[in-house]
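First comes the structure, then the notes that go with it.
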Amino acid sequence: MAIERTFSIIKPDATRRNLTGAINAKIEGAGLRIVAQKRVKWGKAEAEAFYGVHKERPFFKDLVTFMMSGPIVVQVLEGENAVAKYREVMGATNPANAAPGTIRKEFAESIEANSVHGSDSPENAAIEIGQVFKPDEIVG
Ligand code: ATP
Ligand code: MG
């Protein structure tokens, strides 16, 4: 299995509740390495651009407002099979359906305020990483 990179966001509901370290303990505990990291606050343009694939969905406007509502921590994670592995560690989008031990089961507040984002394919991971990090900000 090849070493992959994926893009992660710790969302505003989680930074608000001081859960950055608890979430990263689960990420590192699963064998993923945090090879880039910054804490930022997104404006409308950044949030809309990032979730642009969902712009026709009924929840888009609320999602953008939520993603701008507080600081977020953007990260690049590296490891074997990182995209699928991190999706597994995150759990299902709706915490009500998330498996025990997953980040969303333990920490998410709702289907919207679900604590973390993770890329859904290696192709999207490369796009998302490129939107947020310069190559020299990633140190493996
Ligand atoms: P993410 O892309 O954030 O990793 P995901 O891939 O599990 O999550 P998507 O379907 O891509 O889920 O939805 C993107 C985000 O939009 C979700 O994480 C959640 O914050 C929000 N969202 C998804 N579905 C709903 C919904 N039905 N109502 C409100 N918010 C939603
Ligand atoms: Mg998604």
Side-chain angles (χ1 to χ4, degrees):
M1 190 65 68
I3 297 292
E4 249 174 26
R5 285 178 175 174
T6 191
F7 180 68
S8 159
I9 304 176
I10 300 176
K11 295 184 179 181
D13 67 286
T15 61
R16 193 176 293 127
R17 288 175 291 144
N18 214 20
L19 292 171
T20 299
I23 287 171
N24 279 338
K26 283 201 176 285
I27 288 171
E28 293 184 333
L32 293 164
R33 303 182 69 83
I34 301 165
V35 297
Q37 182 182 61
K38 53 190 172 186
R39 183 175 171 99
V40 296
K41 191 159 183 292
W42 274 356
K44 196 159 186 261
E46 289 155 303
E48 283 186 350
F50 185 77
Y51 276 120
V53 291
H54 294 309
K55 64 175 178 292
E56 306 303 334
R57 308 281 283 277
F59 58 80
F60 178 69
K61 208 162 167 269
D62 285 349
L63 176 61
V64 167
T65 302
F66 165 63
M67 290 302 290
M68 295 164 53
S69 69
I72 60 174
V73 179
V74 288
Q75 303 185 128
V76 178
L77 311 181
E78 187 177 86
E80 274 193 15
N81 207 14
V83 171
K85 185 179 278 181
Y86 182 45
R87 297 287 291 188
E88 211 177 291
V89 174
M90 290 197 304
T93 308
N94 185 345
N97 302 328
T102 60
I103 292 170
R104 284 167 167 168
K105 183 66 173 185
E106 286 194 17
F107 302 124
E109 294 182 313
S110 67
I111 190 170
E112 176 184 82
N114 61 3
S115 301
V116 281
H117 160 80
S119 308
D120 58 15
S121 67
E123 297 71 31
N124 285 337
I127 292 168
E128 292 170 3
I129 290 168
Q131 282 178 324
V132 173
F133 288 101
K134 300 188 194 106
D136 69 0
E137 292 176 318
I138 304 168
V139 185

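Whatever order the structure lists them in is the order used to number ligands and atoms, beginning at 1. In this text the structure is predicted, and so the values were computed from the model without any measurement.
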According to ring-ring contact (aromatic ring centres under 6.0 Å, His included), does anything in [range] pair up with another residue at least two apart or in another chain? List the pairs.
range: residues 23-43; answer: W42-F50
range: residues 59-80; answer: H54-F59
range: residues 70-106; answer: none

Practice task
Answer yes or no: does atom CG of D136 have more than 12 heavy-atom neighbours from other residues, nucleotides or ligands under 6.0 Å?
Solution key: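 For D136, atom CG is crowded (more than 12 foreign heavy atoms under 6.0 Å).
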Problem - Crowding at CZ, R33 (>12 non-hydrogen neighbours, <6.0 Å) - result: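 No, not enclosed.
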Handout entry: Donor-acceptor under 3.5 Å (E4 side chain, V83 main chain)
Key =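 Between the backbone of V83 and the side chain of E4 there is a qualifying donor-acceptor contact (under 3.5 Å).
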Problem - Sub-4.0 Å heavy-atom environment of ligand 1, residues by chain - result: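 Those residues closer than 4.0 Å to ligand 1 by some heavy atom are K11, Y51, H54, F59, L63, R87, T93, R104, I111, E112, N114, H117, G118.
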